[in-house]
Amino acid sequence: MKVQHTHSHSIGQAALCAIAISVVLTLTSCSRSNSIDSEHVQDINPLQFYGTDNPFVKEAVYFVMTDRFVDGDKSNNYPEQGGSLPSFDLPLFGDNGETANVGYLGGDLRGVLNNAEYIRDLGFTAVWLTPIVDNPDQQFSGGESIGFGGAFKDGGKAAYHGYWASNFYKIDEHYPSVGLTYKNYTDKMRQDYGLKTVFDVVANHGSPSFSMPTVQPKFGQLYDQNNQLVADHQNLPPEQLDITQPLQRFYHNTPDIMQLSNLNEGNKGLRDYLINSYLYWIDQGADAFRIDTIKHVPHHFWQEMAARVRAEHPDFFMFAESYDYNANFIAQHTLAKNGGISVLDFPGQKAITGVFQSPQSDYAELLSYLHLTHGPYANPYELTTFYDNHDMPRMDASDNGFIDANNWLFTSRGIPVVYQGSEMGFMRGKAEHQGNRNYLGQDNINLAKQHPIHAQLAAIANLRKALPALQNGLQVNLDFDGDHAAFYRVIEQGEIAQTALVLLNKGDSAYRFSVAKYLEKGQWKEQRYGNKSQVIKEGGTLVNVVDGHSVNVWVREGRITSQAMLNELTQLMAFK
């Protein structure tokens, strides 16, 4: 099991670290402890420079909203399901002919598998699906009615998104096909296409559970692996629940989000129910977890959950949604004492969209979220980085803005995550219930293959897939100024020794870079276009003209010899 490092240092340890960095001949430093309860000084091998020892850092994740991707099997659509409260194709209409939808539209596992080659060829190595567990079959009749562009209202919505679980152990009937169970799906994705599967888990809530005019099947109920009822909200407001009753003990008697059942993580039976379900899905082929709404559940639950999962599956990677732009707040989840769970980099998302939506922006605006040293995160290289998702407005950028954002996302620190359709600027700028979650479909995927965003994304994502330095190298920043940024990614781990020099230009005109700082002598080869090389002498300079809205990545194979760079890398290893 990989235990996440903590960041607190005693005064004595801080002093030792300062001495180790200043006395560069030793090239040793101090590291955060591998123990939750104690800390100690640890020498750093000067020939080991890398971001993290968790292997998931190599991945790039394509995020699929399962029902809204591709309908690969119409036999599992169930358009008549729900009776007087139907759940299929529930359109919302806005001005100027705009539409959204809060019903099922047919996306399924077959649709994803049919396009696995497309996802792989785009440069991704993992697919995150929204939850595929069993949800209620009708639209919700309680709450406030949802309208076009509305938010925080569930009335009239179906469970197309998958986050209203009624049975955490059972796949919803809308997703599998004959001969294609979830286990079949994960096996085929991994074996035939080299694609891992990220499973989306929830712990704070089930389905909407009260305010219905009359009781609806599955709403406010939980069933176990044997399809036995184990919890029932009974359409009661939370304050009317009697949590001493067997079927109400899994719930808090206080509300949380709208009318969603508020699961009681203080109940051991509920904890076992949830954690055992997570273990079950790992057995069915889940390679990693994305955790929904982690901040709504106390840290002690995640500490227990992570310990139990990693006891059986060491190094199992988990990243969570803590929807907050305060790095110090979301970083608490990454600490070992709180479960050592990585997070989606929301501060990074805010900075990235701020820069790439505006041509007048400055690359320097990205620096504050990286936290490469002395930051609040257990390890910044394990964060999942993104510019939008299904819960926020899609990035409202030009084609060039998306191209520039992807060039940054796939070369800078972190594990990139891209939401379906972004490869063609699908529904750009649209929020939830304005088109953010609209059905993508096979026709759009076929169109995307000819889109300029797609072409440039595939190029930089496949480059990251091929270069260990871009996956797991320490990031050494050089110049971030206006439309231009330059930085190194350096890895020396085991038999791998590689340095990448990344040169980014988001301006309209070509720009001449001249890099001398930390530049190693030897042969450098440009990898993005693969048609240039330079042999640099001791103390030399690499000069390169980068076209507008483009990136060049120069790579040198071999270990670092520059004392100045070794000093910088040693410090980054000590305080990342």
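This is a predicted model, so every value here is computed, not measured.
- Using a 4.5 Å cut-off on side-chain heavy atoms (C-beta onward), V343 and T334 make contact.
- A side-chain N or O of T52 and one of E382 form a donor-acceptor pair less than 3.5 Å apart.
- T181 places a side-chain N or O within donor-acceptor distance of the main-chain N or O of N184, the cut-off being under 3.5 Å.
- For E423 and K449, the salt-bridge test fails: no basic side-chain N is under 4.0 Å from an acidic carboxylate O.
- Distance check: N135 CG to I171 CD1 gives 11.5 Å after rounding to the nearest 0.5 Å.
- Side chains of Q248 and Q234: a donor-acceptor N/O pair is present below 3.5 angstrom, by distance only.
- Inspection of the E173 and Y175 side chains reveals no N or O donor paired with an N or O acceptor under 3.5 Å.
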Worked check of ring-ring contact (aromatic ring centres under 6.0 Å, His included) between H454 and Y118: CA-CA 11 Å; H454 177 284; Y118 167 84; 5.6 Å; yes
Yes or no on side chain to side chain donor-acceptor pair (under 3.5 Å) for N436 and Y419, after CA distance, side-chain angles and deciding distance? CA-CA 10 Å; N436 173 298; Y419 184 26; 3.3 Å; yes
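- For the residue pair T244 and D242, a side-chain donor N or O sits within less than 3.5 Å of a side-chain acceptor on the partner.
- Side chains of N204 and N262: no donor on one and acceptor on the other come within 3.5 Å.
- Remark: side-chain polar atoms of R437 are paired, donor with acceptor, to backbone N or O of H390 under 3.5 angstrom.
- Both cation-pi conditions hold for R68 and Y160: the charged atom is under 6.0 angstrom from the six-membered ring centre and inside a 45 degree cone around its axis.
- No donor-acceptor pair under 3.5 Å is formed between the side chain of N77 and the backbone N or O of P79.
- Of the charged side-chain nitrogens involved, none lies within less than 4.0 Å of a carboxylate oxygen, so that D315 and R310 do not count as a salt-bridged pair.
- Applying the ring-ring contact (aromatic ring centres under 6.0 Å, His included) rule to pairs touching residues 130-154 yields F140-F219, sequence neighbours excluded.
- If you check the side chains of H296 and D256, you find a donor sitting under 3.5 Å from an acceptor.
- A ring pair (Phe, Tyr, Trp, His ring centres under 6.0 Å) with F346 holds for exactly one of Y369, F319, F386; it is F386.
- The closest donor-acceptor contact from the side chain of R464 to the backbone of K58 lies under 3.5 Å.
- No donor-acceptor pair closer than 3.5 Å links the side chain of D67 to the backbone N or O of H161.
- No side-chain donor from either of N167 and D224 sits under 3.5 Å from a side-chain acceptor of the other.
- For the pair N76/S177, a side-chain contact is recorded, criterion being any heavy-atom separation below 4.5 Å from C-beta on.
- Remark: K153 NZ to E144 CD distance equals 5.0 Å, nearest 0.5 Å.
- Salt-bridge annotation for K218 and D134: present, with a side-chain N of the basic residue lying under 4.0 Å from a carboxylate O of the acidic one.
- Of the options F168, Y169, Y185, Y182, a ring pair (Phe, Tyr, Trp, His ring centres under 6.0 Å) to W281 is made by Y182 and by none of the others.
- Atom CG of D283 is surrounded by more than 12 heavy atoms from other residues, nucleotides or ligands within 6.0 Å.
- In this structure, a donor-acceptor pair under 3.5 Å is absent between the side chains of N267 and Y251.
- For F289 and F316, the ring centers sit closer than 6.0 Å to each other.
- A donor-acceptor contact shorter than 3.5 Å is absent between the side chain of S207 and the backbone of S166.
- The pair R290-D200 counts as a salt bridge, with a side-chain nitrogen and a carboxylate oxygen less than 4.0 angstrom apart.
- Within a 6.0 Å sphere centred on NZ of K350, other residues, nucleotides and ligands contribute 12 heavy atoms or fewer.
- In this structure, the side chain of W302 engages the main chain of I294 through a donor-acceptor pair within 3.5 Å.
- Note: F210 CZ to L260 CG = 8.5 Å, rounded to the nearest 0.5 Å.
- Considering every non-hydrogen atom in both T384 and S342, the closest pair reads N-OG, 4.3 Å.
- The closest donor-acceptor contact from the side chain of Q420 to the backbone of M65 lies under 3.5 Å.
- Note that the CG atom of N276 and the CG atom of L274 stand 9.0 Å from one another [nearest 0.5 Å].
- In this structure, a donor-acceptor pair under 3.5 Å is absent between the side chains of Q81 and Y104.
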From CA spacing to verdict: side chain to side chain donor-acceptor pair (under 3.5 Å), S211, Q259: CA-CA 7 Å; S211 78; Q259 293 81 36; 4.7 Å; no
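- Taking a cutoff of 4.0 Å between a charged side-chain nitrogen and a carboxylate oxygen, D172 and K170 do not qualify as a salt bridge.
- A 6.0 Å sphere centred on CD of E239 holds more than 12 heavy atoms belonging to other residues, nucleotides or ligands.
- A donor-acceptor distance shorter than 3.5 angstrom exists from the side chain of D108 to the backbone of G111, with no hydrogens or angles considered.
- No side-chain N or O of E321 forms a donor-acceptor pair with one of T293 less than 3.5 Å apart.
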Could you go through the salt bridge (charged side-chain N to carboxylate O under 4.0 Å, His left out) check for R413 and D345 one step at a time? CA-CA 11 Å; R413 73 102 176 104; D345 194 343; 2.9 Å; yes
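- Side chains of D232 and Q221: a donor on one and an acceptor on the other come within 3.5 Å.
- Remark: I460 CD1 to L409 CG distance equals 10.5 Å, nearest 0.5 Å.
- N438 places a side-chain N or O within 3.5 Å of a backbone atom of T99 that can act as its donor or acceptor partner.
- Enclosure of atom NZ in K465 by more than 12 non-hydrogen atoms of other residues, nucleotides or ligands within 6.0 angstrom is indicated.
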Does the pair E265 and R271 meet the rule for a salt bridge (charged side-chain N to carboxylate O under 4.0 Å, His left out), with working shown? CA-CA 6 Å; E265 74 292 330; R271 293 199 305 274; over 6 Å; no
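- Q442 and N115 share a donor-acceptor pair across their side chains, judged by distance under 3.5 Å alone.
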